Amino acid sequence: MPEMPEVETIARQLRRRVEGKRIVGVRLSGLPLRKPVSPGLGAALVGRTIRRVRRYGKYLVLTLEPKAFWLIHLGMSGRLLYHEPGRAEGADHTHAAILFSDGDGLEYRDPRRFGLLALYEGASPRAIPEIRSLGKDPLEPGFTGEWLGRRLRGSRREVKSFLLDQGVLAGIGNIYACEALFGARIHPGRRCATLTGRECGRLAAAVQKVMRDAIRRRGTTFSDFRGADGKAGGNQDYLAVYMKEGKQCVECGRPIRRISQGTRSTFFCQQCQR
DNA sequence: CGGCGGTCCTGTCAGC
DNA sequence: TGCTGACAGGACCGCC
């Protein structure tokens with residue numbers, strides 16, 4: 001479910017709420033997620049204070065004191081919900097329930113269990129293997145058409161699969177890959193190396209615009225994304241192609257098409273995207 | 001190297 | 001009203 005704008009939305013909401021709070025209790029479901037949860041996670045969290053909430057690609061890293069890092073990935077169906085004392089918790093699929101010293105709580109829910117919870121010691125979040133393997137964040141200043149051009153040169157892969165590769169660009173998922181390619185008017189099946197310098201510039205700009213707009217609207221709630229406050233996002237009303245098969249293209253009026261690339265659906269306009 | 005398909009898991013929806 | 005199959009925001013692995 002959550003791509004970078006959704007994870008960024010949660011990070012911003014959590015920052016205000018949890019930074020400086022001390023963890024006094026943890027309950028874990030004990031069920032494995034994408035991988036088994038770090039065995040000592042519960043015990044390690046209790047007594048520690050959350051100092052910082054940071055996002056890397058689609059990952060969240062909570063810096064704890066005494067020094068440790070709590071790595072969180074929401075997979076397809078994960079939620080992180082913050083709540084004040086007394087609110088009901090422990091709903092189905094809650095795999096971690098945190099209690100803070102002031103009575104507030106934080107819950108990790110993930111019905112499909114494609115997410116990840118792990119604890120890392122070490123000097124910095126950059127030392128975490130999952131973080132180290134991430135590529136460039138599209139909101140970093142270094143992400144430009146020139147940078148993109150350099151990475152695309154010589155690659156025969158399809159540009160959509162390139163956008164989804166977290167080791168190259170961190171944070172783009174299926175919705176925003178489709179939307180960015182539409183914004184740049186580039187066909188998703190184009191081979192990377194065939195993109196011109198001008199097209200690379202358009203694509204970099206489109207990726208940034210799509211991500212910034214989505215963050216501004218607090219994420220895309222296609223069916224079940226929720227912010228840390230439990231509220232839906234607002235970006236779903238602004239999608240041009242994702243899940244719009246058969247609907248009219250906002251530019252040319254022709255029907256949006258759906259194809260499969262690998263195991264994933266791609267939505268695009270055959271007229272506008274070349 | 002890269003594309004493809006399968007895998008993890010539950011929920012939902014369309015079609016019969 | 002069930003049942004079944006397809007598919008869903010992600011990531012990883014092994015095979016060609």
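This is a predicted model, so every value here is computed, not measured. Note that these values count all heavy atoms, side chains included, but never hydrogens, waters or copies made by symmetry.
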From CG of A/Leu116 across to P of B/dC9 the rounded distance in Å is 15 Å
Per atom distances to the A/Phe114 side chain, the nearest of C/dA8, C/dC12, B/dC9 is B/dC9
Check your understanding: Can you tell me how far C1' in B/dG5 sits from the matching atom in C/dA6, rounded to whole Å?
Key -> 16 Å
- Message: Counting the atoms with a prime plus P, OP1 and OP2 as sugar-phosphate, which does A/Gln166 contact under 4.0 Å by heavy atoms, base, sugar-phosphate, or nothing?
- Response: sugar-phosphate
Between A/Lys160 and A/Ala177, the two heavy atoms sitting closest are CE-CB, 4.1 Å
field: A/Ser265 side chain near C/dC7 phosphate (N/O to OP1/OP2, under 4.0 Å)
entry: no
- Task: Examine the base of B/dC9 for any acceptor or donor lying under 3.5 Å from a partner atom in the side chain of A/Arg112, and report the outcome as yes or no.
- Result: yes
Quick check on B/dG11: is either OP1 or OP2 less than 4.0 Å from any side-chain nitrogen or oxygen of A/His93? yes
Here the distance between atom P of B/dT7 and atom CZ of A/Arg34, to the nearest Å, is 18 Å
### Message
Quick check: do A/Tyr176 and A/Asn235 have side-chain heavy atoms less than 4.5 Å from each other?
### Response
yes
Is there a side-chain polar atom (N or O) of A/Lys58 under 4.0 Å from OP1 or OP2 of C/dG10? yes
Checking all strands, does A/Tyr242 fall into the base, sugar-phosphate, or nothing category for heavy-atom contacts under 4.0 angstrom? sugar-phosphate
Show your working on side chain to side chain contact (heavy atoms under 4.5 Å, CB included) between A/Phe162 and A/Val168 and close with a plain yes or no. CA-CA 7 Å; A/Phe162 173 92; A/Val168 190; 3.5 Å; yes
Atom CD of A/Glu3 and atom C1' of C/dG10 are separated, to the nearest Å, by 9 Å
Practice item. Determine: side-chain N/O of A/Thr263 to OP1/OP2 of B/dC4, distance under 4.0 Å, yes or no. Key: no
Quick one: are the ring centres of A/Tyr242 and A/Phe267 less than 6.0 Å apart? yes
Symbol by symbol from the 5' end, with Watson-Crick or G-U pairs under 3.5 Å, [ ] crossing and | another strand, DNA chain B is .|||||||.|||||||
(Q) Whether A/Arg264 contacts C/dG9 is assessed here as follows: a side-chain N or O lying under 4.0 Å from the phosphate OP1 or OP2. Is that the case? (A) yes
Whole-Å distance, A/Leu60 CG to C/dG10 P, equals 15 Å
Q) Between A/Tyr56 and A/Pro125, is any pair of side-chain heavy atoms under 4.5 Å apart? A) yes
Between A/Ser155 and B/dC1, does any side-chain N or O lie under 4.0 Å from OP1 or OP2? no
| request: Walk me through it: do A/Ile23 and A/Lys21 pass the test side chain to side chain contact (heavy atoms under 4.5 Å, CB included)? | output: CA-CA 7 Å; A/Ile23 297 168; A/Lys21 295 212 178 178; over 6 Å; no
Rounded to whole Å, CZ of A/Phe222 lies from C1' of B/dC13 at a distance of 12 Å
Closest of B/dT10, C/dG10, C/dA8 to the A/Arg113 side chain is B/dT10
*Do the rings of A/His95 and A/Tyr108 sit parallel, tilted or perpendicular, given the 30° and 60° boundaries?*
tilted
In A/Gln273, A/Glu245, A/Gln271, A/Gln270, the residue satisfying side chain to side chain donor-acceptor pair (under 3.5 Å) with A/Arg257 is A/Gln270
Closest heavy-atom pair, A/Leu134 versus A/Ala170, reported as atoms and distance to 0.1 Å, is CB-CB, 4.0 Å
Separation of C/dC12 atom P from A/Leu164 atom CG, nearest Å, is 13 Å
Rounded to whole Å, CG of A/Asp224 lies from P of C/dC7 at a distance of 18 Å
| request: Look at all strands and tell whether A/Ser133 reaches a base, only sugar-phosphate, or nothing, counting heavy atoms closer than 4.0 Å. | output: nothing
**Prompt:** Does B/dC1 have OP1 or OP2 sitting under 4.0 Å from an N or O in the side chain of A/Arg157?
**Reply:** no
Are OP1 or OP2 of C/dA8 and a side-chain N or O of A/Arg258 less than 4.0 angstrom apart?
yes
Same-atom distance (P) from C/dG2 to B/dC9, integer angstrom: 27 Å
From CG of A/Leu134 across to P of C/dG10 the rounded distance in Å is 14 Å
